[in-house]
Amino acid sequence: MRGFLASSTGVTCAAALALPLAPPAAAATSSTPPATSPTARSEAHAPGGTQSLRLVPLARDRAPGTAEQGLRRQDVRQFSLVGVVWDSPATELHGRVEVRTRATATGTWSGWQELETHNADHAADPGTPESASGRVRGATAPLWVGESDGVEVRVRASDAPGTARSGPAAAPLPTGLRLELVDPGEAAPPPTNRARSEAEPSVLPARTARTALPARTARPARAARQRAEPHAGARPAITTRRGWGADEKLREKGFVYTRKVKTAFVHHSATGNNYRCSQAPSVIRSIYRYHVNSTGWRDLGYNFLVDKCGNIYEGRAGGVSKPVLGAHTLGFNANSMGIAVLGTYSSKKPSSAALKAIARLTAWKVGLYGMNPRGKTYLKSGGGNLYRKGRKVRLNVISGHRDGFATNCPGKQLYAKLGTARSKAAAYQGR
């Protein structure tokens, strides 16, 4: 997700049915290695954990903030997703972040892969308790690389766009750069208690919408009631947090809600397209850990996720039908929901199955709040690089991330297909 602030280059934009069983682990985020060993692995790492490795200067200038940092090729414990974080979320990383990884199965090294360097456009709104928790860090978008046990990383600074150099060196890099290597772990085992299993299904089955009789055959009073009811599509099948294996001990306790859902913001996760749909739960578990343990959010940022096969997954906890407050579109998280399509769609076209899933999901969810997927609505900005805080902004009910923040997300190819998603969603509502 390569987002950009007003003067920067493009940026990309990635419910538990029961309460968590233990206090959140966010206050003691996983795996910070000893400061005396810049390339040390986390001693606490275990399957389903995170290794956090401090980057070191790669050039002769070894002063803090030097313009080139990274890690030489080294062995590490198994991981599947990688990202880079730094101390302050308010600091931009101007430059290029690249990684090489070694596949566990074959022992072969990949070529250099670039990480989207800004992720600030996916965040809680300014001034909210989540953004002001003191745990939030700056971060790149995460990249899914599959099962790996070796890594090399380099971060090279460049001048911020639109600024003039005061000397020969590029702008310094943010302080506290760390490489985050995430192992998604295994899915949670099924519960042994049958009653609990029935209360916490792995998949919420599709539910047929109520269909009204044509007005000419319905009784007059009933027809009037039907015309007054808002349109709502059928609920699609949704894999719950239990279904994709969320560790509910990671996130903060409790849930935070907004008033309603007036807009659906579509994103791409920018985690790359090199995943099989059978791996989607592992990708989501990795993004979840990265959002909570590495970037310091209270839970997964997106309300829903969609894979390229059209499967829909519950994101942030709190109830799939409820207006759960997410951290997906900085400035416009209130009265909206965020849908992330797993993958990167700057140059690759999204699948028809993914577009159909977006349409079915939005037809149902915004329909619960009386919204027309082909319509417009107003949201009040919480502050961002396109709209000042407090400004009322007219948006499509189904919008792309870039409509609320100056960013490339959800990628050129996915953004171009949102008109199709709006039409399909409206048709699913019977409009």
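Heads up: numbering here begins at 1 and tracks the sequence.
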How long is the straight-line distance from [atom2] of [Y] back to [atom1] of [X], given to the nearest 0.5 Å?
X: Ser282; Y: Trp244; atom1: OG; atom2: CH2; result: 11.0 Å
X: Leu342; Y: Cys309; atom1: CG; atom2: SG; result: 10.5 Å
X: Asp149; Y: Gln78; atom1: CG; atom2: CD; result: 7.0 Å
X: Phe265; Y: Phe405; atom1: CZ; atom2: CZ; result: 12.0 Å
X: Lys380; Y: Phe332; atom1: NZ; atom2: CZ; result: 11.5 Å
X: Tyr275; Y: Asn273; atom1: OH; atom2: CG; result: 7.0 Å

Just wondering, do [Y] and [X] contact through their side chains at under 4.5 Å, heavy atoms?
X: Thr344; Y: Thr271; value: no
X: Trp86; Y: Arg178; value: no
X: Leu81; Y: Pro184; value: no
X: Pro281; Y: Tyr313; value: yes

Can Thr329 and His267 be said to form a side-chain hydrogen bond (donor to acceptor under 3.5 Å, both in side chains), step by step? CA-CA 9 Å; Thr329 306; His267 304 254; 3.2 Å; yes

Would you call Asp299-Arg241 a salt bridge at under 4.0 Å N-O? yes

Salt bridge or not for Arg102 and Asp75, using N-O below 4.0 Å? yes

Sorted by chain and number, sequence neighbours left out, side chain to side chain contact (heavy atoms under 4.5 Å, CB included) with Ala103 holds for Thr106, Thr108

Does any N or O in the side chain of His291 come within less than 3.5 Å of the main-chain N or O of Gly301, such that one atom is a donor and the other an acceptor? yes

Measure from the side-chain N and O atoms of Gln74 to the backbone N and O of Val151, and report whether any donor-acceptor pair falls under 3.5 Å. no

Please check if atom [atom1] in [X] has more than 12 non-hydrogen atoms from other residues, nucleotides or ligands closer than 6.0 Å.
X: Lys424; atom1: NZ; answer: no
X: Lys262; atom1: NZ; answer: yes
X: Arg73; atom1: CZ; answer: yes

Any residue meeting side chain to side chain donor-acceptor pair (under 3.5 Å) with [X], in chain and number order, not counting sequence neighbours:
X: Asn274; result: none
X: Arg96; result: Glu98, Glu114
X: Thr258; result: Asn335

NZ or CZ of Arg251 within 45° of Trp297 ring axis and under 6.0 Å: no

Quick one: list whatever passes salt bridge (Lys or Arg N to Asp or Glu O under 4.0 Å) with Glu130, sequence neighbours left out. Arg316

Can you label the angle between the Tyr345 ring and the His268 ring as parallel, tilted or perpendicular, going by 30° and 60°? tilted

Can you confirm if the aromatic rings of Trp364 and Tyr428 lie within a centre distance of less than 6.0 Å? no

Any chance the side chains of Tyr415 and Asp403 put a donor and an acceptor closer than 3.5 Å? yes

Can you give each donor-acceptor pair under 3.5 Å made by side-chain atoms of residues 352-361, sequence neighbours left out, with the distance rounded to 0.1 Å?
none

